[in-house]
Amino acid sequence: MNDQNIIEISKVEKRFGTFTAVSDFSLDLKEGEFFSLLGPSGCGKTTALRMIAGFQDHDAGTICIGGQEMADIPANKRPTNMVFQSYAIFPHLNVGDNVAFGLRKLGLSRAEIKTRVADALDMVELGGLQSRKADELSGGQRQRVALARALVMRPKVLLLDEPLSALDKNLRETMQLEMRRLQQRLGITFVMVTHDQYEAMTMSDRIGVMFAGKLEQVDKPEVIYARPCNRQVASFIGGMNFLNARMTGDGGGRMDVDVQGFGALTIDVNPNVRIHGTDLLVGIRPEQLEIGADRPEGYDGYLQGTVSDVAFYGESVHYYVQAPGTDDPIAVAVPNYFHTVDHKRGDTVWLGVQNASIIDLGARESQK
Amino acid sequence: MKNITTALLTATALTAAASTAQADAAALSIFDWSGYEDQGFYGDYVAKHGGAPSYTYFGSVEEAFTKLQSGFAADLAHPCTDALRKWVAADLIKPIDTTKLSNWDKLLPQIKDVDGVTIDGQTYMVPFEWGNTGLIYRTDMIADDKISIQAMASPEYQGKIAVPDAASSAYALAALATGASSYTDMSDAEFQAASDFLRAIHQNVRFYWSDAGQLDQALASGEVVMGWGWNQSELNLIWNETPAKMMRDVDKGIATWVCGYVHLKSATQSDEQVYDMLNALSAEASGKYIIESWGYAHSNADAFKSADQSLIETYGFADVDSFFDGSLFFDAVTPELEVRMLKEFERIKAGF
Amino acid sequence: MAGFLKTEAGKGLALSAPASLYVGLLVAGPLGILVAYSFWTQTYVDIDKTLTWANYIEAASDPLVRHLMLRSIAIAGAVTLATVALAYPIAYFIAFRTQKKTLWLLLITIPFWSSYLLRVFSWKLILGFNGVMNSALLTTGVIDEPLTFLLYNEFAVVLTLAHAWAPFAILPIYVSLQKVDRALLEAATDLGCSKLERFLRVTLPLTIPGIIAASLIIFIPTVGDYVTPSLVGGSQGKMIANLIQVQFGPANNWPLGATLSLVAMASVGFVAILFVVTTTALGRRIR
Amino acid sequence: MKIVTRFPWLLVYAIAYLIFLYAPVLLLPLFSFNDGTIVAFPMKGFTLKWYAGLSGQETLLQAMVNSLIVGLVTATVATSLGLFAARAYVRYQFKGREVSEGLVMLPLVIPGIIVASSMLVLFLSMGLKPSLTTVILGHVFLALPFAVSIMKSAFDDFDQSLEEAAFDLGESVIGTFRRVTLPIVAPGIIASLLVTFTVSFDEFVLAFFLSGNQPTLPVYIWSQIRFPAKLPNTLALGSLLLLASVVLLLTAEYFRRRSTKSA
């Protein structure tokens, strides 16, 4: 990865009739970067990807790839290639012909095509399957063929539309690692659309989270996890308890707030907009809460409540604690390694939280 | 039946051999019923031009008229006399120059006079074949002395008779049955009587036949015991050894039809070639061939002398003169009457 | 224009235009001419182009037209009813009771790859006086005299047409049965329906679109058929299309033929709409 | 999953129905071997002469050639129009789509004699004389609904991203159509060609009205049926046609099944 921008998208907008699919979409991608567009279905992420690929015109804004404006360049002339969600393996061609499909348009020699196809297939570990028919391939193999077919074109940017969603869980996890390794080896920019937060987090250098046609937050996975910018992003990445809070003191950086149930705490907030008396929404990750039958020691805020539900997840146990002064039960995740905690429904428990675990999600009026 | 098959096989063999014949011969186009492409009918033409003309088929004279009036072009067509007045009115055909016909004098005089062959003193058709439409009946089921056209209305034969699905044939039958003075120009009362007769026999009609085979098979199987049909059907039955014959008593009623070739206004080939064909068709040899192989009567009087006399006996053409005297000819009906016939016949068939 | 062709609507219209224009022209053109002819008059061999209602008055006042029209609709209705009723169990069988669906579909379509005329002719061989049926019955001694009610009547027309239209009924009904979610049937059983109730309350209402499609595909062309009635209809089986055929053929009265065609189309359309409306309403009333 | 046949009567009914469907069709081949011109039981001897006689019948063979020409052109034109229309219906949302779809299906439901007679009037008024061309024009009209519905089901299974993939890999619009769309919907195209060909090949009413001096086979058969002596020849020809149709449509079915498999 270097610091050169390969894709520069500025204020792009796409409408279908009266429906606005993508609005005010701006994004710069670096060469060799693995970028994921993450969001729920219907959020416009696939539309955004298809606008980069050239399958969809945009109504406003600009898309530049490699410094060149793409508005008048059709999909077949763009330096991008795509791995389709369905893989779009040509059913009438065998594996080798599928991979060679685009090369045949480049006026290469037979020998050259042969070498490049063989190389591409070796790269995705399908060497020797050239004469297989499309309907004789497993899901994972189809995915690899689609990958090889796109990569053999040596695109500047590889676009992937939910490339792993059709695979089962184990295969998906294997492919995640493989694709990440391949991308790092080739140094090509990958832009992947996914609705799977774990996939996005494990594979990407950066993630862009989209909701309702808007790019809400673009950052490294760990930052998005630790500091989601608003309730929507927070709710889409990992589990999160949402609590109301109110500013009780002014000042730069760290401030005093009164968090629903937990009482007075001092947290990091945005100093420019937060003033005394503002109603805030804050979030606490379930795994960052401590739970105990007795009041745990060394925490900044405490709350006492009743266990309303217990959910067993194998590697962890989730408790839902109903406390006076809170609307919804607060979820607490406890690792299951020693079976040290064992609360039952109706038990009275204490929860403890550190100041650093409280995430400022912005003023409350603007969110639901 | 054997004869026809042999003739057909011979004809088709000839056709196949002639497929390399001069294109000139085939340039002459003839609008005809299927079957008349038999080369035995116009041997002289083949001899002179080295091949057969090209044929286009129609299923009925009415269909032919519609197509011609719609602009369909050919050199010769093969209608029957009853249609001719309309064809002339529609300006479809040219008069025939009888001086160019080498066989004109040899043609049966009675036939040359038929209204339709000549209209208003002009000759429009070269008559080719003629035959009878009459009552064909199963001799083993109806005694010869009991048969009559009027018997068709008898309750005894309910569901046992067949009538052609054509207004002109049906009214000819009715005119004979009711003794109308003229078939071509019936008075209102005569028309009414004829219609009433058709209504009366409608109760007995098993079906109105639209193809001759339907009548033949029904007679052969005994499904119907009598039917108004062509002499061709009688022959078919004879060949299939079915005890049936046509009632040939002119006093009891029999009709004669005459068909022939007309020179179309849309013709594109030279008169010479057209008349070569007309002469070939009306030649004695053609007549002999059609009488012996097809069992149809021909217009050339000489043909009856040279043809196999025993066959002529079988076919019932022996006494041509007396036959023509008493028989009803299918002359061209007046337009007004034709419209009334068509309309009334549809109602009768529907049971009105 | 170039911009328009790049849009979804533009591409769709451009691609479908040849087909719809072709059909549109060939439907609109003839219909227009038919309408024009219906206001003209035939005078022997010429057409009088003075506009007149005379043909319509004749068609409306002539009891023959009404009679043939009603008989045509009755025969077509009987054909439709017979065909659909006979076809439904077959479609049901293929959809629910056999694994070899393609084989069965093939089996029911193969007979219809022969010439229609020859098939109609075959029926005459079967139903005729000395036909297969009578021969078999006579040989086995079931009857002494050949049956005459088999051929040359409405029954023969209905039977022949019910045979001819069989695949056109089976296929749409099969498709609609195939679309019925099997879970719905299990749900109906679960909610206490017997097999018969389940069929009447779930399967049948869900397949009404298929039944309507099959009925229209059969009913409308049947009203216009004249070949079958003229071959097997005998003296009682004639239909309105035979009368129309006579106008265009022997009678050479195209204006009246055009008028009768339009009247027939209007009647057929009216009956078809009535049928669709009542069937849909009946389907909705099933609870 | 094995379906237990709870109602064996349904199977019995199905078999009875098949007998009803096949009875008239199987009579044709049966009597085409009968050594006699009257088609009735009891049959006479066995003969092949009706088949042998076919070869010499030039007009009949010409009618067959005419029908083949009409059928082939009709199939090609109807399938091409159907291909584009079906693609538009399946793939694009546009104003008037329902109207257009309904319109294209109209020929299925307009009585044949009315279509035939009014088309004759139209063609004549346009200066088109009855000929094989007018028959083809009429048959395309009649075959279009079949072509459109078959092609629609072919495109229903068609994954649009296949075209996008080809385009994405640098192919042009036309190249994509040729290298991807066409080969993939080829089984549908073949099925459509065969079905529209069969529709045209068996069509009588329109051909009867619209044909000029070149009759199609059904028109010829119609005129043959009127001549009892020629009937066995017609039966022989009909049997051969039946055999040919079966072969043709089995091929179509084979291709159709292949297309469903690969989709």
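Chain A is the first sequence line, chain B the second, and so forth, proteins listed ahead of strands; every chain is numbered from 1.
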Before you tell me yes or no, could you show the steps for D:Trp50 and D:Ser32 under side chain to side chain contact (heavy atoms under 4.5 Å, CB included), namely the whole-Å CA-CA distance, both residues' side-chain angles and the distance that decides it to 0.1 Å? CA-CA 7 Å; D:Trp50 308 120; D:Ser32 69; 5.7 Å; no
Apply side-chain hydrogen bond (donor to acceptor under 3.5 Å, both in side chains) to D:Thr181 and D:Glu163, showing your working. CA-CA 7 Å; D:Thr181 318; D:Glu163 281 180 354; 2.8 Å; yes
When you look at C:Val227 and D:Phe204, which way does the side chain to side chain contact (heavy atoms under 4.5 Å, CB included) test go after all the steps? CA-CA 9 Å; C:Val227 176; D:Phe204 166 68; 3.7 Å; yes
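Both the backbone and the side chain of D:Leu103 come within contact range of chain C, with heavy atoms under 4.5 Å apart. Both the backbone and the side chain of C:Ile108 come within contact range of chain D, judged by heavy atoms closer than 4.5 Å. Residue contact with chain D, scored on non-hydrogen atoms closer than 4.5 Å, is absent for C:Ala17. For a residue to count as touching a neighbouring chain, one of its non-hydrogen atoms must lie under 4.5 Å from one of that chain's; by this rule C:Leu86 touches chain D with backbone and side chain alike. For a residue to count as touching a neighbouring chain, one of its non-hydrogen atoms must lie under 4.5 Å from one of that chain's; by this rule C:Phe219 does not touch chain D. Contacts of C:Ile170 with chain D are made by side-chain atoms alone, with heavy-atom separations under 4.5 Å and no backbone atom involved.
Of the listed residues (D:Leu83, D:Leu26, D:Leu122), the greatest number of heavy-atom pairs within a distance under 4.5 Å of chain C belongs to D:Leu122. Listed options D:Ala23, D:Ala85, D:Ala147 were ranked by heavy-atom pairs under 4.5 angstrom with chain C; first place goes to D:Ala85. The candidate from C:Leu26, C:Thr222, C:Leu34 with the greatest count of non-hydrogen atom pairs under 4.5 Å with chain D is C:Leu26. The most heavy-atom pairs under 4.5 Å with chain C, out of D:Glu203, D:Arg97, D:Gln93, come from D:Gln93. Ranked by heavy-atom pairs under 4.5 Å with chain C, the list D:Leu21, D:Leu81, D:Leu144, D:Val104 is led by D:Leu21. Between chain C and the residues D:Leu217, D:Val99, D:Val140, D:Val148, the largest count of heavy-atom pairs under 4.5 Å involves D:Val140. Residue with the most contacts toward chain D among C:Ala258, C:Ser20, C:Ala136: C:Ser20 (heavy-atom pairs, distance under 4.5 Å). Per-residue counts of heavy-atom pairs under 4.5 Å with chain C were compared for D:Gly96, D:Ala88, D:Gly138, D:Ser80; the largest is that of D:Ala88.
Going from atom CD1 of C:Ile218 over to atom CH2 of C:Trp165 covers 7.5 Å, rounded to the nearest 0.5 Å.
By the ring pair (Phe, Tyr, Trp, His ring centres under 6.0 Å) test, C:His163 pairs with C:Phe112, C:Trp123, D:Phe20, sequence neighbours left out. Partners of C:Phe199 according to the ring pair (Phe, Tyr, Trp, His ring centres under 6.0 Å) rule, which considers only residues two or more places apart in sequence or in another chain, are C:Tyr88, C:Tyr92.
Using a 30° and 60° split on the angle between ring planes, D:Phe177 and D:Phe84 fall in the parallel class, below 30°.
Contact annotation: the side chain of D:Pro107 approaches that of C:Val23 to within less than 4.5 Å [non-hydrogen atoms, C-beta and beyond]. Side-chain contact between D:Val185 and D:Phe155 is present, with heavy atoms from C-beta onward closer than 4.5 Å.
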